[in-house]
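The analysis underlying the following values was restricted to heavy atoms, covering all of them including side chains, and did not include hydrogens, waters or symmetry mates.
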Amino acid sequence: MKNKNVIDLEALTPEQLERICSLAEEIKRAPEKYRHSCDGKILATLFYEPSTRTQMSFQTAMLRLGGRTIGFDDPMNSSVAKGENLKDTITIVSGYADIIAMRHPSEGSATAATLCSSVPIINGGDGGHLHPTQTLTDVITLNAEKGRLHDLTIGLCGDLLNGRTVHSLIKTMANYKNNKFVLISTKALSIPGYVRSILERKHCEYKEVSSLKEAIAELDVLYMTRIQQERFASEQEYMDQKGIFVLDCEKLALAKKDMVILHPLPRVDEIDVKVDNDPRACYFKQAVYGMYGRMALIYLLLNDRDFAFDCYKPQLSDSKCKNPKCIVQSESYLPYNCKYDSDGHLVCNYCDHIIE
Ligand code: CP
């Protein structure tokens, strides 16, 4: 079975990922060649959560390809405010648009949307779960700035529990040979178990540490992240984690001269603004690479019939996912849907949490 939904970058073959990266570079070099490649097509951006980069870069990408956009950036300005469920919104919008990019606070919401959409769904972030087009952005940036995707020591620092960009990036970079991961966080914000299982299953070298200052010297890449205030149960729990990891010029002085600093943005206080002037700071360039990556992705999804991904037939289950942040908790009509991972665990097909 094949489909054109971009839920998790894992579904793409290395060749497909490479094709998007090289097309993004080609579009960056010669944008005029692609100016009319999506004439007459419509992208819907359905953003149930705030966004600057993802939403606007998707919209800009479509406009630069000659297409048009519709959508909402606040569900309270749509019929969601009157109680419309995800199924009905997606069913309706997929009759209006040729492709949908969506962001939603519940984990697994993008997969849930695919069940009722007649057009490709692109996951622009589903709660703390995944953010595949950010990973595409990160991969394109690394390819351009480091010249390779393998043999890298990659430090990821900050909120590794709730940072969906971290989960997506680890899953993708674990596929390239000799990448090592240095996971820099407090215990409370360390990576979720399913991401750790992936690192172990793929036999990746990784360590979990609590000091950015001690770890920075060995890194080829430092991926800083914001503490995700909106994912905490209380203000106090957020305040306990805030401000622990800050990249400043003093720490940067200990880093390799060719280390690349990435950040999915938005930044709060985890990178001192003085670091912005350092040539190693690539996070603003990264956001621009993201627009070209999204142009390449939209172009291929809409123009190349064969650009599709393997997917498996979901297995229905009697067991409900217990992850309180999973989409099945709020959209009660959804079938319980599971799969077996390669360790034999039954996992939720929406949010990837282990059911049993
Ligand atoms: N990187 C990213 O997802 O940024 P936005 O939240 O502004 O879209």
Side-chain angles (χ1 to χ4, degrees), residues 4-35 37-38 41 43 45 47 51-67 69 98-103 110 120-126 130-149 152 154 163-173 175-176 221 223 260-266 282-304 307-309:
K4 282 179 168 272
N5 300 309
V6 181
I7 306 304
D8 181 345
L9 224 51
E10 277 278 278
L12 276 66
T13 63
E15 293 73 27
Q16 285 172 322
L17 188 55
E18 169 55 32
R19 194 163 165 218
I20 301 172
C21 291
S22 40
L23 181 58
E25 280 170 27
E26 156 74 9
I27 296 173
K28 190 166 182 278
R29 261 196 313 273
E32 65 286 351
K33 270 175 62 184
Y34 296 88
R35 201 177 291 150
S37 56
C38 287
K41 301 286 188 195
L43 163 78
T45 51
F47 276 62
S51 165
T52 297
R53 277 145 292 274
T54 310
Q55 182 184 214
M56 290 192 200
S57 65
F58 265 119
Q59 292 172 339
T60 314
M62 190 50 149
L63 294 172
R64 285 173 184 258
L65 293 169
T69 67
D98 300 288
I99 188 164
I100 296 173
M102 63 175 279
R103 172 174 289 183
I121 296 284
I122 306 178
N123 183 6
D126 58 332
L130 295 170
H131 191 348
T133 60
Q134 180 61 48
T135 304
L136 188 58
T137 300
D138 302 341
V139 167
I140 292 170
T141 310
L142 281 175
N143 214 16
E145 298 295 323
K146 293 300 294 179
R148 66 182 193 277
L149 296 175
L152 294 169
I154 304 167
R164 55 195 170 197
T165 64
V166 167
H167 309 161
S168 289
L169 185 60
I170 291 175
K171 284 175 79 169
T172 298
M173 295 307 287
N175 293 332
Y176 293 89
V221 179
Y223 195 88
V260 164
I261 308 163
L262 302 184
H263 190 312
L265 304 176
C282 289
Y283 30 92
F284 294 125
K285 270 199 254 181
Q286 188 182 354
V288 179
Y289 284 122
M291 179 187 70
Y292 289 109
R294 290 178 176 107
M295 286 176 80
L297 182 63
I298 292 170
Y299 174 90
L300 289 168
L301 290 171
L302 292 181
N303 288 303
D304 183 343
F307 193 77
F309 320 115

Trainee: Return the set of residues passing side-chain contact (heavy atoms from CB on, under 4.5 Å) with Arg19 (not counting sequence neighbours), or none when no residue passes.
Mentor: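 Arg19: side-chain contact (heavy atoms from CB on, under 4.5 Å) contacts with Leu300, Asp304, Phe307.
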Trainee: Which atoms form the tightest heavy-atom contact between Cys38 and Leu302, and what is the distance?
Mentor: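 Looks like SG-CD1, 4.1 Å.
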Trainee: Should Leu142 and Leu262 count as side-chain neighbours, where that means a heavy-atom distance under 4.5 Å?
Mentor: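 Yes - at least one pair of side-chain heavy atoms lies under 4.5 Å apart.
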Trainee: Using modelled atom types and a 3.5 Å cut-off, is there a donor and acceptor pairing between side-chain atoms of Lys4 and backbone atoms of Pro120?
Mentor: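 Checked: no pair found.
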Trainee: Taking side chain to side chain contact (heavy atoms under 4.5 Å, CB included) as the criterion, tell me which of Val6, Leu23, Ile99 meets it with Leu297.
Mentor: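 Of the listed options, the one satisfying the test is Val6.
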Trainee: Nearest 0.5 angstrom please: Lys285 NZ to Thr141 OG1, how far?
Mentor: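 Nearest 0.5 Å value for the NZ-OG1 distance: 9.0 Å.
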Trainee: Is there a side-chain contact between Thr54 and Phe47 in this structure, where contact means two heavy atoms from C-beta onward sitting under 4.5 Å apart?
Mentor: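 Yes; the side chains approach each other to less than 4.5 Å.
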Trainee: With a 4.5 Å limit on heavy-atom distance, are the side chains of Arg148 and Tyr176 in contact?
Mentor: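 The answer is no, as the side chains (C-beta and beyond) never meet within the 4.5 Å cut-off.
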Trainee: Tell me, with the steps shown, if Lys171 and Leu9 meet side-chain contact (heavy atoms from CB on, under 4.5 Å).
Mentor: CA-CA 8 Å; Lys171 284 175 79 169; Leu9 224 51; over 6 Å; no
Trainee: What is the distance from atom CG of Leu265 to atom OG1 of Thr52, rounded to the nearest 0.5 Å?
Mentor: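 Spacing of CG (Leu265) from OG1 (Thr52) equals 9.5 Å.
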Trainee: Evaluate the side-chain contact (heavy atoms from CB on, under 4.5 Å) criterion for residues Tyr292 and Ile140: first the C-alpha distance (whole Å), next the side-chain angles of each, then the deciding distance (0.1 Å), finally the verdict.
Mentor: CA-CA 9 Å; Tyr292 289 109; Ile140 292 170; over 6 Å; no
Trainee: Compare all side-chain heavy atoms of Cys21 with those of Val139 and state whether any distance is below 4.5 angstrom.
Mentor: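 SC-SC contact between Cys21 and Val139 confirmed.
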Trainee: Could you give the distance from CZ (Phe58) to OG1 (Thr69), rounded to the nearest 0.5 Å?
Mentor: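 Rounded to the nearest 0.5 Å, the CZ-OG1 separation comes out at 12.5 Å.
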Trainee: I'd like to know if the side chain of Gln134 reaches the main chain of Val166, judged simply by a donor and an acceptor atom lying under 3.5 Å from each other, with no hydrogens or angles considered.
Mentor: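 Looks like no, no N/O pair under 3.5 Å.
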Trainee: Does the side-chain contact (heavy atoms from CB on, under 4.5 Å) test come out yes or no for Leu130 and Thr135, once each step is laid out?
Mentor: CA-CA 9 Å; Leu130 295 170; Thr135 304; over 6 Å; no
Trainee: What pair of heavy atoms forms the shortest contact from Ile7 to Asn123, and how long is it?
Mentor: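 Between these two residues, the closest heavy atoms are O-ND2, 3.1 Å.
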Trainee: For Gln59 and Thr45, does a side-chain donor sit closer than 3.5 Å to a side-chain acceptor?
Mentor: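 Yes - a donor-acceptor pair under 3.5 Å links their side chains.
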Trainee: Please examine the side chains of Leu12 and Leu136, heavy atoms only from C-beta on, and report whether any two atoms are closer than 4.5 Å.
Mentor: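 No, too far: nothing below the 4.5 Å cut-off.
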Trainee: Could you report the tightest heavy-atom contact between Pro264 and Thr165, atom names first, then the distance?
Mentor: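 Shortest heavy-atom contact: CG-OG1, 3.6 Å.
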Trainee: Strictly distance-based, threshold 3.5 Å: is any side-chain N or O of Asn303 a donor or acceptor partner for the main-chain N or O of Ser37?
Mentor: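 Looks like yes, one N/O pair under 3.5 Å.
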Trainee: Measuring only between side-chain heavy atoms, which start at C-beta, is Tyr283 closer than 4.5 Å to Ile261?
Mentor: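 A side-chain contact exists here, since the closest heavy-atom pair is under 4.5 Å.
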Trainee: For a side-chain contact (heavy atoms from CB on, under 4.5 Å) check, start with the C-alpha distance between Arg103 and Gln55, then their side-chain angles and the critical distance, and finish with the verdict.
Mentor: CA-CA 9 Å; Arg103 172 174 289 183; Gln55 182 184 214; over 6 Å; no
Trainee: How long is the gap from CD on Glu26 to OH on Tyr299, to the nearest 0.5 Å?
Mentor: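 Answer for the CD-OH pair, Glu26 versus Tyr299, is 9.5 Å.
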Trainee: Enter the distance from Ile121:CD1 to Met102:CE here, rounded to the nearest 0.5 Å.
Mentor: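 It is 6.5 Å, given to the nearest 0.5 Å.
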Trainee: Mind listing the closest non-hydrogen atom pair of Ala296 and Ala24 along with its distance?
Mentor: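 Ala296 and Ala24 have their closest heavy atoms at CB-N, 3.7 Å.
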Trainee: Closest heavy-atom contact between Leu43 and Ala101?
Mentor: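 That closest heavy-atom pairing would be CD1-N, 4.0 Å.
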Trainee: Answer whether the closest heavy-atom distance between the side chains of Ile122 and Leu301 falls below 4.5 Å.
Mentor: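 Yes. Closest side-chain heavy atoms under 4.5 Å.
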Trainee: Any donor-acceptor pair under 3.5 Å linking the side chain of Asp8 with the backbone of Glu10?
Mentor: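 Yes; judged by distance alone, with no hydrogens or angles, the pair exists.
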Trainee: Here's a test for you: under side chain to side chain contact (heavy atoms under 4.5 Å, CB included), which of His131, Gln286, Met291, Arg53 qualifies with Thr137?
Mentor: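 The option that passes is Gln286.
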Trainee: So, using side-chain contact (heavy atoms from CB on, under 4.5 Å) as the criterion, who are the partners of Ala61 when residues are at least two apart?
Mentor: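 Here the qualifying residues are Arg294, Met295, Ile298.
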Trainee: In terms of side-chain geometry, is the basic nitrogen of Glu25 or Lys28 positioned less than 4.0 Å from the acidic oxygen of its partner?
Mentor: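 No salt bridge links Glu25 with Lys28.
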Trainee: Give the minimum heavy-atom separation between Lys146 and Val221, together with the two atoms involved.
Mentor: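 That closest heavy-atom pairing would be CG-CG2, 4.5 Å.
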Trainee: How far does CG of Leu169 sit from CG of Asp138, to the nearest 0.5 angstrom?
Mentor: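 Output value for this atom pair is 5.0 Å.
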